[in-house]
Amino acid sequence: MKVRVYVSLKNGVLDPQGRAIQHSLEGLGFSGVQDVRAGRLIELEVDDTVTDAALDEMCQKLLANMVIENYRVERIAA
Amino acid sequence: MKKNFRAAVITFPGSNCDRDMAVALEEVTGEDVFRVWHGDAELPADLDFIALPGGFSYGDYLRSGAMAARSPIMRAVVEAAGRGVPVLGVCNGFQVLTEAGLLPGALMRNAGIRFVCREVALTVENNQSLFTAGYMKSQRIRIPVAHHDGNYFADEATLDRLEGEGRVAFRYAEEVNGSARQIAGVLNAAGNVLGMMPHPERMIEQAQGGIDGRVLFESAVRGLVGA
C-alpha cells in the first residue's frame with residue numbers, strides 16, 4: 001500500500017524558501033500570489049500490516065521535525 | 001592507554017570539519033584525539049569531551065542533521081551527555097544536537113536563502129559555562145561561519161526560557177542568517193552541551209587570523225582538568 005506523508009512548516013514559522021519562490025513568481029509576472037509555503041512530500045510503500053500508530057511514530061521520530069513542522073498522513077488505496 | 005584528556009570527534013558520512021576539530025583539540029590538550037565513526041555503537045571509555053563537527057552529514061538529506069541524529073553512535077552520545085560528559089556541536093554538529101533533542105529549537109534555511117561564509121562578530125552572552133569561562137562577559141569576538149541552515153528558530157516561550165536561564169552562550173553582533181534574537185549558540189539546561197553555528201576550531205592560532213576560538217577549547221580543558 002502506498003502512503004503519502006505531507007510535511008509542512010507550522011503556522012508562524014517563517015519560510016525563507018517560500019518567500020523566495022513567491023518573489024520569483026512575481027518576477028515572472030504572476031500577480032495575486034499572496035503567500036507561498038514550501039513543504040515536502042514523502043511517499044512510502046508499506047505492508048498492509050503497518051498501523052496508523054506506526055506511521056505516526058515514523059513521522060514524529062524522523063520524517064517531520066515537530067519543533068517546526070506539521071505532518072499529514074494519507075493512505076492511497078492500491 | 002589512559003590519557004590525561006580523552007576527547008573524541010565523531011565523523012559522519014559528509015562531515016568535513018572533523019579533522020580541523022581534532023587538530024584544535026590536539027593543539028589545546030597536547031593529547032591525541034579519538035576519532036569515532038558514526039556507525040560505531042560505542043564511544044571510547046571515560047571520555048572527557050565529545051565534539052560533533054561541521055559538514056553536511058548524509059548530504060543534508062531530509063533536514064540538516066536529521067539522519068546523523070539517528071545514527072548508531074548518537075545513542076551513545078545522548079547517553080553520555082545525560083551523564084554530564086561535555087558535548088560541543090559546531091555548525092552541522094549543532095544541527096545534529098537539535099535534531100537529537102539534546103538542545104531545543106531548530107536550524108532553518110538562512111533568511112537570505114544564501115550560504116553565508118565569512119567571519120562574523122559575536123557577543124559572549126554567558127561566560128559562566130564550561131565552554132565560555134575564558135571569555136569576558138559581553139566580550140566581542142570574531143569567529144567564522146559557513147552555513148546554509150543557521151537560522152535558529154524556537155517558539156517564544158522557549159526563547160524566553162533560554163534567555164532567562166542564561167543558556168544563550170553567543171549572540172551575533174551583526175545580521176547573519178535571521179536567527180531568532182540573533183542567537184548563535186545555546187547551552188542545555190545542565191550546561192554540559194553547547195551547540196553553535198560559528199566555527200571556533202577555525203580560530204585557534206594567529207595564522208588563522210586570531211585565537212578567539214581557541215579560548216573556548218582552553219576554557220573547557222581548564223574547567224575539566226584544572227589549569
Side-chain angles (χ1 to χ4, degrees), chain A residues 2-30 33-46 50-76, chain B residues 57-72 74-75 78 92 94-116 147-159 161-162 175-183 186 188 195:
Chain A
K2 184 166 281 185
V3 171
R4 290 201 178 123
V5 175
Y6 298 90
V7 180
S8 57
L9 285 173
K10 287 182 177 174
N11 287 334
V13 177
L14 285 176
D15 180 4
Q17 292 178 97
R19 190 70 55 81
I21 294 166
Q22 182 183 0
H23 203 74
S24 290
L25 287 172
E26 285 167 2
L28 289 169
F30 294 103
V33 179
Q34 292 174 3
D35 192 22
V36 175
R37 311 278 286 169
R40 182 185 292 116
L41 166 65
I42 301 169
E43 288 190 339
L44 313 176
E45 193 70 45
V46 302
V50 174
T51 63
D52 288 349
L55 289 169
D56 266 339
E57 202 179 341
M58 291 179 205
C59 291
Q60 290 171 21
K61 280 195 169 168
L62 179 63
L63 302 182
N65 179 339
M66 302 306 291
V67 175
I68 48 172
E69 295 170 330
N70 290 320
Y71 66 86
R72 183 165 58 81
V73 177
E74 194 177 285
R75 285 180 184 264
I76 311 290
Chain B
S57 56
Y58 297 84
D60 280 349
Y61 289 173
L62 194 62
R63 298 176 300 273
S64 300
M67 315 301 284
R70 279 86 183 169
S71 64
M74 281 307 294
R75 274 192 286 272
V78 169
N92 188 222
F94 185 12
Q95 294 160 346
V96 173
L97 289 174
T98 59
E99 281 283 344
L102 284 174
L103 290 173
L107 291 144
M108 304 185 54
R109 181 53 41 101
N110 292 344
I113 303 293
R114 298 225 169 102
F115 193 97
V116 179
H147 60 248
H148 209 168
D149 297 323
N151 181 353
Y152 186 73
F153 174 88
D155 60 49
E156 287 297 312
T158 302
L159 292 170
R161 184 162 46 84
L162 290 175
E175 178 50 43
V176 174
N177 53 25
S179 286
R181 303 188 193 182
Q182 308 265 71
I183 289 172
V186 297
N188 70 342

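Throughout, a chain's letter reflects where its sequence line sits, starting with A, and its residues are numbered from 1.
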Peer 1: Does a sphere of radius 6.0 Å around OH in B:Y61 hold more than 12 heavy atoms from other residues, nucleotides or ligands, not counting ones at 6.0 Å or beyond?
Peer 2: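 No, OH of B:Y61 has 12 or fewer neighbouring heavy atoms, counting only those of other groups under 6.0 Å.
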Peer 1: Take A:L14 and B:M108, measure what side chain to side chain contact (heavy atoms under 4.5 Å, CB included) needs, and give me the verdict at the end.
Peer 2: CA-CA 9 Å; A:L14 285 176; B:M108 304 185 54; over 6 Å; no
Peer 1: Check the surroundings of atom CZ in B:R70: do more than 12 heavy atoms from other residues, nucleotides or ligands lie under 6.0 Å from it?
Peer 2: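 More than 12 heavy atoms, drawn from other residues, nucleotides or ligands, come within 6.0 Å of this atom.
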Peer 1: Can you name the nearest heavy-atom pair linking B:F153 to A:I68, along with the distance?
Peer 2: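 Heavy atoms of B:F153 and A:I68 come nearest at CD2-CG2, 3.3 Å.
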Peer 1: Within a 6.0 Å radius of atom CZ on B:R181, are there more than 12 heavy atoms belonging to other residues, nucleotides or ligands?
Peer 2: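 Yes - once you tally the heavy atoms of other residues, nucleotides and ligands closer than 6.0 Å, there are more than 12.
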Peer 1: Under a 4.5 Å heavy-atom cut-off, does chain B meet the side chain of A:V7, its backbone, both or neither?
Peer 2: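 Neither part.
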Peer 1: Using non-hydrogen atoms and a 4.5 Å limit, figure out which bit of B:N110 sits close to chain A: side chain, backbone, both or neither.
Peer 2: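 Contact with chain A is through the backbone of B:N110 alone.
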Peer 1: Under 4.5 Å heavy-atom distance to chain B, tell me which part of A:K61 shows up: side chain, backbone, both or neither.
Peer 2: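 For A:K61, the contact with chain B is made by the backbone alone.
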Peer 1: Surrounding CG of A:D35 (heavy atoms of other residues, nucleotides or ligands, distance under 6.0 Å), is the total greater than 12?
Peer 2: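 Count over threshold, so yes.
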Peer 1: What pair of heavy atoms forms the shortest contact from B:L62 to A:I42, and how long is it?
Peer 2: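 Distance-wise, the nearest heavy atoms are CD1-CD1, 3.9 Å.
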Peer 1: How far does CZ of B:R109 sit from CG of A:D15, to the nearest 0.5 angstrom?
Peer 2: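 Output value for this atom pair is 10.5 Å.
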Peer 1: For a quick test of reading the model, state the closest non-hydrogen atom pair linking B:A111 to A:P16 and the distance between them.
Peer 2: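 For B:A111 and A:P16, the tightest heavy-atom pair comes out as O-CB, 3.8 Å.
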Peer 1: Working to the nearest 0.5 angstrom, can you tell me the gap between A:L62 CG and B:E99 CD?
Peer 2: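 Those atoms lie 8.0 Å apart.
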Peer 1: Can you find a heavy atom in the side chain of A:N65 that is under 4.5 Å from one in the side chain of B:T98?
Peer 2: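 They are not in contact (no side-chain heavy atoms under 4.5 Å apart), so the answer is no.
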